[in-house]
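Every number for a ligand or one of its atoms is a count from 1 in the order of the listing. Keep in mind the model is a prediction, meaning the values are calculated, not measured.
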Amino acid sequence: MTEFIPFALPDIGDAEVAEVTDALRSNWITTGPRVKSFETAFSAAVQGKHGIAVNSCTAGLHLALEALGVRADDEVIVPTLTFAATAEVVRYLGAKPVMVDVLPADHQIDPAAVERAITPRTRAIIPVHFGGQACDIRRIVDVARAANVRVVEDAAHSFPVSVDGRPIGSIGDITCFSFYATKTLTTGEGGMNVTENDEWAERMRIMCLHGISKDAWKRYTAEGSWYYEIMAPGYKYNMTDIAAAMGIVQLRRAGEMLAKRESIARRYCAAFAGNDAVETLVDSPRSTHARHLFVIKLRDGHLSIDRNRFIDELKLRGIGVSVHFIPLHIHPYYRDLYGYKPEDFPVAMDCFSRSISLPIYSKMTDDDVARVVEAVNGLCAKFKR
Ligand SMILES: *Cc1c(COP(=O)(O)O)cnc(C)c1O
């Protein structure tokens with residue numbers, strides 16, 4: 001039996017191990033100097049003014065909405081084709097996630113649908129940059145400005161990405177990145193919020209550590225003091241120096257890791273170009289591509305097996321895949337709470353029912369890529385209708 005190719009793997013090298021070891025030996029294992037330098041380096045990389053490191057992107061999205069003053073009964077617009085985190089943070093604050101459909105070509109949130117979904121109760125929009133490309137963020141920012149609502153970007157898939165030369169992180173009101181194990185830069189668990197706004201940055205800093213008015217590390221260093229004040233019932237969302245140590249090295253390696261994913265994507269595109277049974281997502285002319293996901297969609301009427309069976313067959317050939325995403329509106333919680341029906345968002349349903357995300361990560365070998373290509377094209381030939 002050939003070795004199983006997992007859907008995702010982190011790319012941790014000797015440099016990450018050395019930096020984490022240094023952090024451990026330094027005795028600063030929670031939020032300390034490495035978090036500070038990671039915040040500075042990361043926010044500079046995305047041309048943002050403030051970087052607030054957190055222990056997940058989910059925490060970051062929650063903090064961002066809190067800082068913007070989202071309250072119970074406000075509405076926050078989100079795409080239905082996204083991960084649980086994008087909408088659950090809206091519920092944390094008692095507000096209503098108002099779902100909208102996506103575009104068929106690239107699975108990005110539909111700006112026209114966003115515009116139609118705005119009501120007097122709308123407080124914010126959370127566009128997701130799907131798969132590593134940017135959504136039409138400029139149009140969404142325009143729609144938001146006209147309606148006086150805020151934009152919190154879910155950039156969990158999109159580092160490093162730029163739109164018309166501007167990095168994601170320097171565009172919306174607050175941008176939330178994820179450093180989860182499967183993302184394009186990882187700290188195990190972690191995230192970073194980036195903003196230009198001093199007030200929101202200050203609020204997020206305070207709320208990410210118990211609502212306390214000073215950074216904990218300053219309290220215990222020479223220039224600090226024992227005194228602190230609780231400004232609000234905050235959260236425990238701070239990043240550790242152990243995680244930041246990984247992040248600092250991963251950030252340095254971001255270009256090298258991206259180049260490998262780009263080369264895998266080129267091979268997939270070339271290999272599937274002549275396969276009528278599958279389509280790939282369209283590359284947007286406005287955006288660079290972080291190549292976080294490589295999604296293929298099975299074309300209707302070409303195969304005698306369905307998507308689920310196709311995934312089972314890939315698994316039998318030792319290939320791990322995933323599906324991004326099961327639309328939020330068909331999950332029991334949102335369906336029952338808001339009365340959504342599957343057909344409310346037909347594009348997202350179609351994307352979901354035909355999509356398969358193939359492995360794409362810098363640790364993949366040439367042989368791994370060849371095996372994935374062979375399995376996909378081989379299955380299409382075998383089950384051709
Ligand atoms: C991974 C992911 C998140 C959550 O990131 P965490 O760091 O795991 O909290 C949010 N949104 C999207 C679209 C994601 O894929």
Could you tell me, for ligand 1, which of its N or O atoms are under 3.5 Å from any protein N or O, listing the pairs and their distances rounded to 0.1 Å?
residue: ligand 1; atom: 5 (O); partner: Ser178; partner atom: OG; Å: 3.2
residue: ligand 1; atom: 7 (O); partner: Cys57; partner atom: N; Å: 2.8
residue: ligand 1; atom: 7 (O); partner: Ser178; partner atom: OG; Å: 2.7
residue: ligand 1; atom: 9 (O); partner: Cys57; partner atom: N; Å: 3.3
residue: ligand 1; atom: 9 (O); partner: Thr58; partner atom: N; Å: 2.9
residue: ligand 1; atom: 9 (O); partner: Thr58; partner atom: OG1; Å: 2.5
residue: ligand 1; atom: 11 (N); partner: Asp154; partner atom: OD1; Å: 3.2
residue: ligand 1; atom: 11 (N); partner: Asp154; partner atom: OD2; Å: 2.7
residue: ligand 1; atom: 15 (O); partner: His157; partner atom: NE2; Å: 2.7
residue: ligand 1; atom: 15 (O); partner: Lys183; partner atom: NZ; Å: 3.1

**Message:** Under 4.5 Å side-chain heavy-atom separation, chaining through any Ile, Leu, Val, Met, Phe, Trp or Tyr, what else clusters with Ile12? Say none if it is isolated.
**Reply:** Val17, Val20, Leu24, Ile29, Ile242, Met246

**Prompt:** Regarding Thr86 and Asp154, is there a side-chain donor-to-acceptor distance under 3.5 Å anywhere?
**Reply:** yes

**Asked** Going by atom types only, do Asp198 and His50 share a side-chain donor-acceptor pair under 3.5 Å?
**Response** yes

**His157, His129, Gln47, Gln133 screened by side-chain contact (heavy atoms from CB on, under 4.5 Å) with Ile168, the one that passes** = His129

Donor-acceptor contacts, no H, no angles, side chain residues 336-343, under 3.5 Å, sequence neighbours left out:
residue: Tyr340; atom: OH; partner: Met99; partner atom: N; Å: 3.2

**Request:** Could you list all the side chain to side chain donor-acceptor pair (under 3.5 Å) pairs where at least one residue sits in residues 63-73, not counting sequence neighbours?
**Result:** Glu66-Arg203

